[in-house]
K.L.:
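This is the structure I have questions about; it appears just below.
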Amino acid sequence: YGASWGFSPDGTDARKAAFSSIFRLAFDGGGNLLVVENYSLIRRINRVTGILETAAGTGPGIPGENGPALATLLGDGTSDLQALPGGELLVVDVPRLRKIDRAGNISTIAGYGFTIWNFTDNQPATQVSFGGLTAAKADAEGNIWVTACCMSLITQIDRAGIVHWRFGQGPQGFGGD
């Protein structure tokens, strides 16, 4: 059934690959399976050949910015991803929200690198500290919805990159049924 826990290099038949702690799965626009491995790598399994390759990250370390995703050190908290209709990839790379474009370059679209919660409504997403981002999903209109473990809020980043509070009461509380 494949190898035990470990790491397999690019070019390995994914059926025989060793993976190190798989955290999330998604499909890209071409039907390839994307795998978040060890919170710090995004691997792609080619849907036709079954061959494994690295799509982003070079392992744990300090996140890189505005360059090739393959040469970027992703943070130790890559916890969610979504393929976007235009071929881009949305990546929750705690404490940032990042996008990998069709050319394979990565950039931060929200968050600025701190893991504390610092949120003010109606400000640019790159000036917000979301704390421990846990999920991000894009809707059909191009807005991005995000949440973080310490926020207890659901916020929306509009197409202009502005953050808006939408749901929830803020830092951990319970409003009843």
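The structure displayed is predicted, hence computed values, not measured ones.
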K.L.:
Check whether any side-chain heavy atom of Phe7 lies under 4.5 Å from a side-chain heavy atom of Arg43, and answer yes or no.
P.N.:
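Answer yes - side chains close enough.
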K.L.:
Can you tell me if Arg102 has over 12 outside heavy atoms packed within less than 6.0 Å of its CZ?
P.N.:
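At most 12 heavy atoms, drawn from other residues, nucleotides or ligands, come within 6.0 Å of this atom.
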K.L.:
Is there side-chain contact between Phe27 and Asn32, with heavy atoms separated by less than 4.5 Å?
P.N.:
no
K.L.:
Can you hop from Leu70 to Leu74 via hydrophobic side chains spaced under 4.5 Å?
P.N.:
no
K.L.:
Keeping the roles fixed (side chain from Asp80, backbone from Ala136), state whether a donor-acceptor pair exists under 3.5 Å.
P.N.:
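Checking the backbone N and O of Ala136 against the side chain of Asp80, a donor-acceptor pair under 3.5 Å is found.
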K.L.:
So which atom in Arg159 and which in Glu141 form the shortest heavy-atom distance, rounded to 0.1 Å?
P.N.:
CD-O, 2.9 Å
K.L.:
Report yes or no: does Thr12 contribute a side-chain atom to a donor-acceptor pair with the main-chain N or O of Ala17 at less than 3.5 Å?
P.N.:
no
K.L.:
Can a donor-acceptor pair be found, under 3.5 Å and without considering hydrogens, that links the side chain of Gln82 to the backbone of Ala138?
P.N.:
yes
K.L.:
If we ignore hydrogens and angles and just use 3.5 Å, is the side chain of Thr147 paired with the main-chain N or O of Ala135 as donor and acceptor?
P.N.:
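No.
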K.L.:
How many angstroms lie between CG in Leu33 and CD1 in Ile45, if you round to the nearest 0.5 Å?
P.N.:
4.5 Å
K.L.:
Report the C-alpha separation of Ile22 and Val36 in whole Å, then their side-chain angles, then the decisive distance to 0.1 Å, and conclude whether the side-chain contact (heavy atoms from CB on, under 4.5 Å) test is met.
P.N.:
CA-CA 6 Å; Ile22 296 172; Val36 174; over 6 Å; no
K.L.:
Would a 4.5 Å heavy-atom cut-off, applied to side chains only, mark Val35 and Ile42 as touching?
P.N.:
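When only atoms from C-beta onward are counted, Ile42 and Val35 do not touch, as no gap falls below 4.5 Å.
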K.L.:
Can you see which heavy atom on Ala83 is nearest to which on Gly29, and at what distance?
P.N.:
CB-N, 4.1 Å
K.L.:
Evaluate the criterion side-chain contact (heavy atoms from CB on, under 4.5 Å) for residue pair Val128 and Gln123; output intermediate values, then yes/no.
P.N.:
CA-CA 7 Å; Val128 172; Gln123 75 182 86; 3.4 Å; yes
K.L.:
Roughly how far, to the nearest 0.5 Å, is CD1 of Ile162 from CD of Gln127?
P.N.:
8.0 Å
K.L.:
A side-chain contact here means heavy atoms from C-beta on lying under 4.5 Å apart; do Leu97 and Ile144 qualify?
P.N.:
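Result yes, sub-4.5 Å side-chain heavy-atom pair found.
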K.L.:
Is there a side-chain contact between Phe19 and Leu52 (heavy atoms, below 4.5 Å)?
P.N.:
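Heavy-atom side-chain distance check passes, below 4.5 Å.
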K.L.:
Please examine the side chains of Ile106 and Pro68, heavy atoms only from C-beta on, and report whether any two atoms are closer than 4.5 Å.
P.N.:
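The answer is no; the side chains never approach within 4.5 Å.
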K.L.:
Any side-chain to backbone donor/acceptor pair from Ser8 onto Ala18? Under 3.5 Å, distance only.
P.N.:
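Checked: pair present.
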K.L.:
To the closest 0.5 Å, what do you measure between CG (Asn105) and CD (Glu88)?
P.N.:
11.0 Å
K.L.:
Only one of Asn143, Asp158, Thr155 forms a side-chain hydrogen bond (donor to acceptor under 3.5 Å, both in side chains) with His164, so which one is it?
P.N.:
Asp158
K.L.:
If I take atom CD1 from residue Ile100 and atom OG from residue Ser107, how far apart are they, to the nearest 0.5 angstrom?
P.N.:
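Output value for this atom pair is 9.5 Å.
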K.L.:
When Arg24 is tested against each of Val92, Leu81, Leu34 for side-chain contact (heavy atoms from CB on, under 4.5 Å), which residue passes?
P.N.:
Leu81
K.L.:
Could you check Leu153 against Phe167 for side-chain contact (heavy atoms from CB on, under 4.5 Å), going step by step and ending with a plain yes or no?
P.N.:
CA-CA 6 Å; Leu153 293 174; Phe167 307 107; over 6 Å; no
K.L.:
Heavy atoms, side chains only, cut-off 4.5 Å: are Ile109 and Ile157 in contact?
P.N.:
no
K.L.:
Is any side-chain heavy atom of Asn46 closer than 4.5 Å to one of Glu53?
P.N.:
no
K.L.:
So, taking the atom named OG1 in Thr54 and the one named CZ in Arg44, what distance separates them when rounded to the nearest 0.5 Å?
P.N.:
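Spacing of OG1 (Thr54) from CZ (Arg44) equals 9.5 Å.
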